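Reviewing the structure listed below.
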Amino acid sequence: MPLVRTRFSPSPTGSLHLGGAHTALFNWLFARHHLGVFILRIEDTDRERSEERYVQEILDALIWLGLNWDEGPHRQSQRLHLYREYIQKLLEVGAAYCCDCPPADLEARRQAALAKGEKPRYDGHCRDRRLKLGPRTAVRFRTPQTGTTIWRDLIKGPIAFDNQELDDLVLTRADGLPTYNFAVVVDDITMEVTHVIRGDDHIPNTPRQLLIYEALKATPPQFAHMPLILGKDRGKLSKRHGALSILAYLEMGFLPEALVNYLARLGWSHGDQEIFTRGELMQYFSLEQVTKAAGEFDLDKLRWLNSHYIKEMPTPELARLLKYYLAPLGITDPDPAYLTRVVPTLKARSKTMVVMAEKAGFFFRDPRPYDENAVNKFLTPQTTPMLKEIFRRLEGLAEVSEEALNELFNDLAAQTGLKMINLAQPVRVALTGQTASPGLFDIINILGKKETLKRINNALSFIQT
RNA sequence: GGUCCCAUCGUCUAGCGGCCUAGGAUACUGCCCUCUCACGGCAGAGACACGGGUUCGAUUCCCGUUGGGACUACCA
C-alpha cells in the first residue's frame, strides 16, 4: 500500500473550471511526487443538480490536462450501501439521531433567529426525541457541545474551532441520500485517503468531518487547504475572467502544458523558477511551498506561458494542432507539408493557437479585402512603379530563395535609393493584406513565385480602380 | 452579524531574525536588433497595509487595527 493516496472529487453540477483544475493538479502532483495513488471520485449525491454530461466533460478536461487517475472514477451514487452501513454505526453508538423537522420549519426558525440577531443554527429540536429511522426522517450528527476541534493543516498550520460553534448537521437526508460532509468522510475512510488537499473554502467543514471521524473511531487523513483563485480585483472568478470550463481554454488556443504550468505556479513556487516540465513539477512539488494567500487569475501570464510552450513545441506537432484551429476559419484539409513550412514563421508571433490560425489565413487564401489603413499607406499610385519593377524582377528570378530575394531587394534599394522598408511594405500588403506579418522573404518562399506574382498583380489592378 | 482563513511591486511570487540598497517572473515604459509585427537582448519604473510590542537587530516572531476572502443549507 503506497504511503500517499490523494483524491479529486468534483461534483458534476457544472464543468471543470480553473479552481477545480487547480485542486486536481495539486492532488495529482502530490500523489505523483510521493509515488502514491491519485483517485478520482464523482460526488453526485445531489440528484437535483448533477448531470451526466458534466461527468464526461470533467473527465475530458482532466485527460486534456494530462492528470491521469489511478483509481476510479468512483461514484457516490453507487456507494449508497456504504453510507447506510456507516449511518447505522453512528446511530448505534448514539453519535447521530433522527430528525423529522420539516425543512420549511427549519428555514422559518433560522430566519427568526437571524432576526433576533442570533446564530442561524439548528436548535436541537429532535436531539433527544429518540425518533426511529423512518422513511421521512433525516439523520443528524450529535455534535459535542463543548471542547475544541483542532488540526494541523499542512498548508495553513494549526486551526482550531470551538465545537459550540458547530450545530447538528444533517448526515442523511429524508430521502436517504448522504450529504456532502458525511459522504466525504465515509469515502475517504473506505478509499483509505491519506491526504485531503482541497480549496480553503472547505476549512469550516473540516471540524465537522473530524468529529465524524472521531465518532467512527477512524483515523482522519491529513488536511491541506490550498488558496483559492480569485478573479480580477480580488473578486470571485467571473465568467469574464476565468470561471470558464477548462475546455474553453482549449478552444481559446491554449496548450495544456501552459495551463498546467500556470496553475502550478499559482499558489506554489520553487525558488525563482517559472517554467517547469511535467517531470520537474512532479519532482519538486511540495505542500510546504504552497502559499497561504489567495491569488488572482492573470490571463496575461497564462498567455506568456502559452507563447513559450508554442515556441517550444516541435513544428510537426504544432502543424497538426494548427489544423484544428484553422477549420473554424473555413480552412479545411490544408496540405501537411505546406503547413509545416507555415508554422515556423508564426511560432514567435502567436500567444495562442487561435491567434496563430488567424495570422496564417493569408497563406491559404487571397488576402483581399486588404486592410484599409494598409491600403491608404502603401497601395497608392505612387507605389505602382516600384511594385511593377519588383514584379518584373521577381518574374525574372530563376530560383526563389532567401539569398536570391535578399539580393534582389538589396539591389533594388541601392539602385533606387529607397529604403528597404519602402520596398517591403507595399509588397507585404499585396501578399498578406496587412502591414504586419512574418518576414517577407519567408512569405514569398512559402507562397511560391507564381502565387506571389499573382498577388502583386492583383494589388496593381486594385490600385488602378 | 458570527466563526474561520489571509496580507511583499498592478499581478504571480522569493524571503523561513542580520545575506535586503527587498530578488525573480509577468504586465508596463525606453533603447538595441530589424523589411513590418513579433521573438530576443539591455535598461527603467514599481512592494514589505498600519500601530504597538519581543529582540542588539524585524519583511520575517507576538498582539491589535484596517483591509480582503471563505463559510454560515436535508448544495458540494
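Source: prediction; values computed, not measured. Numbers restart at 1 for each chain; the letters A, B, ... are given by sequence-line order, proteins then strands.
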Of the listed rC74(B), rA7(B), rC35(B), the closest approach to the Gln425(A) side chain comes from rC35(B)
Lys119(A) has an atom NZ; how far is it from atom P of rU72(B), in whole Å?
15 Å
Can you check the distance between rU11(B) and rC19(B), where both ends of the measurement are the C1' atom (answer in whole Å)?
27 Å
Has the side chain of Glu165(A) got a donor or acceptor atom sitting under 3.5 Å from an opposite partner on the base of rG2(B)?
no
Before accepting this row, confirm whether a basic side-chain N of the pair Arg110(A)/Asp105(A) lies closer than 4.0 Å to the acidic partner's carboxylate O.
no
N or O in side chain of Arg303(A) less than 4.0 angstrom from rU26(B) OP1/OP2
no
Whole-Å distance between rC37(B) C1' and Asn373(A) CG?
15 Å
With rounding to whole Å, what would you report as the distance between rA22(B) and rA58(B) at their C1' atoms?
13 Å
Watson-Crick or G-U wobble partner for rC9(B), using a 3.5 Å limit on both distances?
none
Output yes when at least one side-chain N/O atom of Arg234(A) is less than 4.0 Å from OP1 or OP2 of rC12(B), else no.
yes
Presence of Lys311(A) side-chain N/O under 4.0 Å of rG40(B) phosphate oxygens OP1/OP2
yes
For Leu169(A) and rA76(B), what is the distance between atoms CG and C1' respectively, to the nearest whole Å?
13 Å
Please tell me if Lys236(A) has a side-chain N or O lying less than 4.0 Å from either OP1 or OP2 of rA70(B).
yes
If I pick the C1' atom on rU13(B) and the same atom on rC50(B), what distance separates them, to the nearest angstrom?
23 Å
Going by purine N1 to pyrimidine N3 plus the second Watson-Crick contact, or the G-U wobble pair, all under 3.5 Å, which nucleotide sits opposite rA22(B)?
none
Rounded to whole angstrom, note down the P distance from rC42(B) over to rC6(B).
39 Å
Base paired to rG2(B) (Watson-Crick or G-U; both N/O distances under 3.5 angstrom)
rC71(B)
Any side-chain heavy atom of Trp304(A) sitting closer than 4.5 Å to one from Asp300(A)?
no
Output yes when at least one side-chain N/O atom of Arg198(A) is less than 4.0 Å from OP1 or OP2 of rC5(B), else no.
no
I'd like to know if Asn205(A) reaches the base of rA76(B) with its side chain, counting only an N/O donor and acceptor under 3.5 Å.
yes
Output yes when at least one side-chain N/O atom of Thr291(A) is less than 4.0 Å from OP1 or OP2 of rU13(B), else no.
yes
So which nucleotide from rC5(B), rG24(B), rA38(B) ends up closest to the side chain of Arg349(A)?
rA38(B)
Round to a whole Å and report the spacing from CD1 of Ile444(A) to P of rU36(B).
15 Å
Is any N or O donor-acceptor pair between the side chain of Lys301(A) and the base of rC12(B) shorter than 3.5 Å?
yes
The residue, Lys292(A) or Trp268(A), whose nearest nucleotide of RNA chain B is more 5′ is Lys292(A)
Phosphate oxygens OP1/OP2 of rC74(B): is one of them under 4.0 Å from a side-chain N or O of Arg47(A)?
no
Can you tell me how far C1' in rA25(B) sits from the matching atom in rU36(B), rounded to whole Å?
29 Å
Electrostatic pair Arg109(A):Asp123(A) at N-O distance under 4.0 angstrom:
yes
Closest listed nucleotide, where the reference is the side chain of Lys351(A) and the choices are rA76(B), rA27(B), rC74(B):
rA27(B)
Of the options rC5(B), rU26(B), rC35(B), whose atoms approach the side-chain atoms of Arg428(A) most closely?
rC35(B)
Output the single nucleotide from rC75(B), rC5(B), rU13(B) whose closest atom is nearest the side chain of Lys156(A).
rC5(B)
Does any pair with a residue in residues 73-86 of chain A pass salt bridge (Lys or Arg N to Asp or Glu O under 4.0 Å), and if so which ones, sequence neighbours excluded?
Asp44(A)-Arg75(A), Glu52(A)-Arg75(A), Arg79(A)-Asp187(A)
Between the base of rC75(B) and the side chain of Arg49(A), is there a donor-acceptor distance below 3.5 Å?
yes
Complement of rU65(B), any strand, by Watson-Crick or G-U distances under 3.5 angstrom:
rA49(B)
For RNA chain B, whose closest nucleotide is more 5', that of Asn181(A) or that of Pro438(A)?
Pro438(A)
Nearest-Å distance once atom C1' is located in both rU59(B) and rC16(B):
11 Å
Respond yes when some side-chain nitrogen or oxygen of Ser269(A) is under 4.0 Å from OP1 or OP2 of rC12(B), and no when none is.
no
Find out whether Pro144(A) and Leu211(A) are in side-chain contact, i.e. whether some heavy atom of one side chain is under 4.5 Å from a heavy atom of the other.
yes
Short N-O contact, Glu43(A) and Arg41(A), less than 4.0 angstrom
yes
With C1' as the reference atom in both, quote the distance from rU66(B) to rG52(B) in angstrom, rounded to an integer.
14 Å
Basic-acidic side-chain contact under 4.0 Å: Arg173(A), Asp46(A):
no
Pairwise P distance for rA70(B) and rC28(B), with rounding to whole Å
29 Å
Return the value, rounded to whole Å, for the distance between atom CG of Asp175(A) and atom P of rC74(B).
13 Å
Take the protein atom CG of Leu171(A) and the nucleotide atom C1' of rA73(B), then report the distance between them rounded to whole Å.
14 Å
rU36(B) pairs with, by Watson-Crick or G-U criteria that keep both distances under 3.5 Å:
none
Could Arg127(A) and Tyr97(A) be counted as a cation-pi pair, given that NZ or CZ must be under 6.0 Å from the ring centre and within 45° of the axis?
no
Just the rounded figure in Å: distance from C1' of rC12(B) to CZ of Phe276(A).
12 Å
Quick one: Leu302(A) CG to rU13(B) C1', roughly how many Å, whole number?
16 Å
Sort out the partner of rC28(B) for me: Watson-Crick or G-U wobble, both distances under 3.5 Å, none otherwise.
rG44(B)
